[in-house]
Q: 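Pasting a structure below so you can have a look.
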Amino acid sequence: MKLTISRKISLLVFLILLADQILKVWVKTHMTIAQDIHVAGNWFLIHFVENPGMAFGQEFGGSAGKLLLSLFRLVAIALIIWYIRTLIRDKAPQGFIICLSMVLAGAIGNMIDCAFYGLLFSESTYSEVAVFLPEGGGYAPFLYGKVVDMFSFPILHGQYPDWIPFMGGKEFIFFRFVFNIADSAVTVGVISILIFYWGYLKKGAKSNN
């Protein structure tokens, strides 16, 4: 049976979300904060951190910023869904729709953490693993949960030379960011759009002028 584009993107989003959430729940319920599992030597680690803000461990404006970010994510998800439906109706290139669906899946994946993980899990600490559905309730209210990150690729280690102002003697790590499957889906989707469909976007922008 040949899958329609709607079924293709639904399946893609489902599989990304399934993999993302299975890994996040496993990490959350089996690892303590900052615990490492060496997957490939010292350059590919499962390194558990929780991100209260934006992608790749960035933060945004404290408690109020966290709420605004969660609300922004909800609005962005709704707009992406609307745009994908419009693209399907207008018979846009399937590759472009699939790339955008990866962005959607990533946005939903991290939104699930923000919306529900604070309600469903106890606090993860440096010494204790989180508990699913704890008796005393979760660690945060709705929309205030933290995003679970775990992929770490500290490929290069070293120190900045002493002669560099402000940074001299400090530790240098490349790649420092810690991320998850949802972040990866967003990144791959956006980069693919910019590489393969930038001309399509420019053409669409010109036709609307």
Side-chain angles (χ1 to χ4, degrees), residues 13 15-63 65-70 72-73 76-77 80 99-115 117-118 121 123-126 129-130 139-140 143-161 164-195:
V13 170
L15 291 176
I16 292 173
L17 287 177
L18 182 65
D20 180 62
Q21 291 301 312
I22 287 176
L23 182 56
K24 285 176 176 176
V25 170
W26 186 90
V27 168
K28 181 75 176 168
T29 56
H30 289 79
M31 299 179 66
T32 57
I33 293 291
Q35 182 179 349
D36 290 331
I37 296 175
H38 292 253
V39 178
N42 291 321
W43 65 269
F44 177 22
L45 312 177
I46 299 297
H47 175 73
F48 178 29
V49 298
E50 287 188 309
N51 168 21
M54 303 172 71
F56 297 102
Q58 305 303 299
E59 297 188 20
F60 177 69
S63 179
K66 171 66 176 175
L67 178 59
L68 288 174
L69 182 61
S70 294
F72 172 79
R73 280 191 175 123
I77 288 168
I80 294 172
C99 291
L100 196 59
S101 299
M102 294 179 67
V103 176
L104 173 63
I108 294 175
N110 284 335
M111 188 66 236
I112 291 172
D113 297 29
C114 294
Y117 275 32
F121 296 98
E123 186 81 43
S124 293
T125 70
Y126 291 95
V129 173
Y139 67 85
L143 295 181
Y144 280 90
K146 300 174 185 177
V147 176
V148 174
D149 292 327
M150 76 292 293
F151 292 138
S152 177
F153 292 87
I155 299 172
L156 296 176
H157 289 261
Q159 286 185 325
Y160 291 101
I164 297 180
F166 307 109
M167 302 296 294
K170 292 184 179 179
E171 183 184 22
F172 168 81
I173 298 176
F174 179 86
F175 177 78
R176 183 180 291 273
F177 296 114
V178 182
F179 56 99
N180 56 44
I181 292 175
D183 296 331
S184 302
V186 172
T187 302
V188 171
V190 170
I191 291 176
S192 298
I193 289 171
L194 293 177
I195 293 175

Q: Locate the shortest heavy-atom distance separating Val186 from Ala107; write the atom from each residue and the value.
A: CG2-N, 3.9 Å
Q: With a 4.5 Å limit on heavy-atom distance, are the side chains of Thr32 and Thr125 in contact?
A: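 Heavy-atom side-chain distance check fails, nothing below 4.5 Å.
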Q: I'd like to know if the side chain of Ser192 reaches the main chain of Cys99, judged simply by a donor and an acceptor atom lying under 3.5 Å from each other, with no hydrogens or angles considered.
A: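 Not confirmed, Ser192 side chain does not pair with Cys99 backbone.
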Q: Measuring from atom CG of Asp149 to atom CZ of Phe179, what distance do you get when rounded to the nearest 0.5 angstrom?
A: 9.0 Å
Q: With sequence neighbours excluded, what pairs up with Ser101 under the side chain to side chain donor-acceptor pair (under 3.5 Å) test?
A: none
Q: Can you name the nearest heavy-atom pair linking Asp113 to Gln21, along with the distance?
A: OD1-NE2, 3.2 Å
Q: Does the distance from a Lys or Arg side-chain N to an Asp or Glu carboxylate O, for Lys24 and Glu50, drop under 4.0 Å?
A: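 No.
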Q: CZ/Phe44 to CD1/Ile46 distance, rounded to the nearest 0.5 angstrom?
A: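 Phe44 CZ to Ile46 CD1: 4.5 Å, rounded to 0.5 Å.
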Q: If you round to the nearest 0.5 Å, how far is CG of Leu104 from CG of Leu17?
A: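 One finds 8.0 Å between CG of Leu17 and CG of Leu104.
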Q: Under a 4.5 Å cut-off applied to non-hydrogen side-chain atoms, are Phe48 and Val178 in contact?
A: no
Q: Parallel, tilted or perpendicular: which one describes the rings of Phe151 and Phe153, with boundaries at 30° and 60°?
A: tilted
Q: Working to the nearest 0.5 angstrom, can you tell me the gap between Met150 CE and Asn51 CG?
A: 11.0 Å
Q: Side chains of Leu23 and Lys28: closer than 4.5 Å at any heavy-atom pair?
A: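 Result no, sub-4.5 Å side-chain heavy-atom pair not found.
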Q: Is Lys146 close to Glu123 at the side-chain level, that is, under 4.5 Å between some pair of heavy atoms?
A: yes
Q: Does Thr29 have any side chain to side chain donor-acceptor pair (under 3.5 Å) partners at least two apart in sequence or in another chain, and if so, which?
A: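 For Thr29, no residue satisfies side chain to side chain donor-acceptor pair (under 3.5 Å) once neighbours in sequence are set aside.
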Q: How far does CZ of Arg73 sit from CG of Leu68, to the nearest 0.5 angstrom?
A: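 Arg73 atom CZ to Leu68 atom CG measures 12.0 Å (nearest 0.5 Å).
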Q: Do Asn180 and Asn110 come within less than 4.5 Å of each other through their side chains, counting heavy atoms only?
A: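 Yes, at least one pair of side-chain atoms sits under 4.5 Å.
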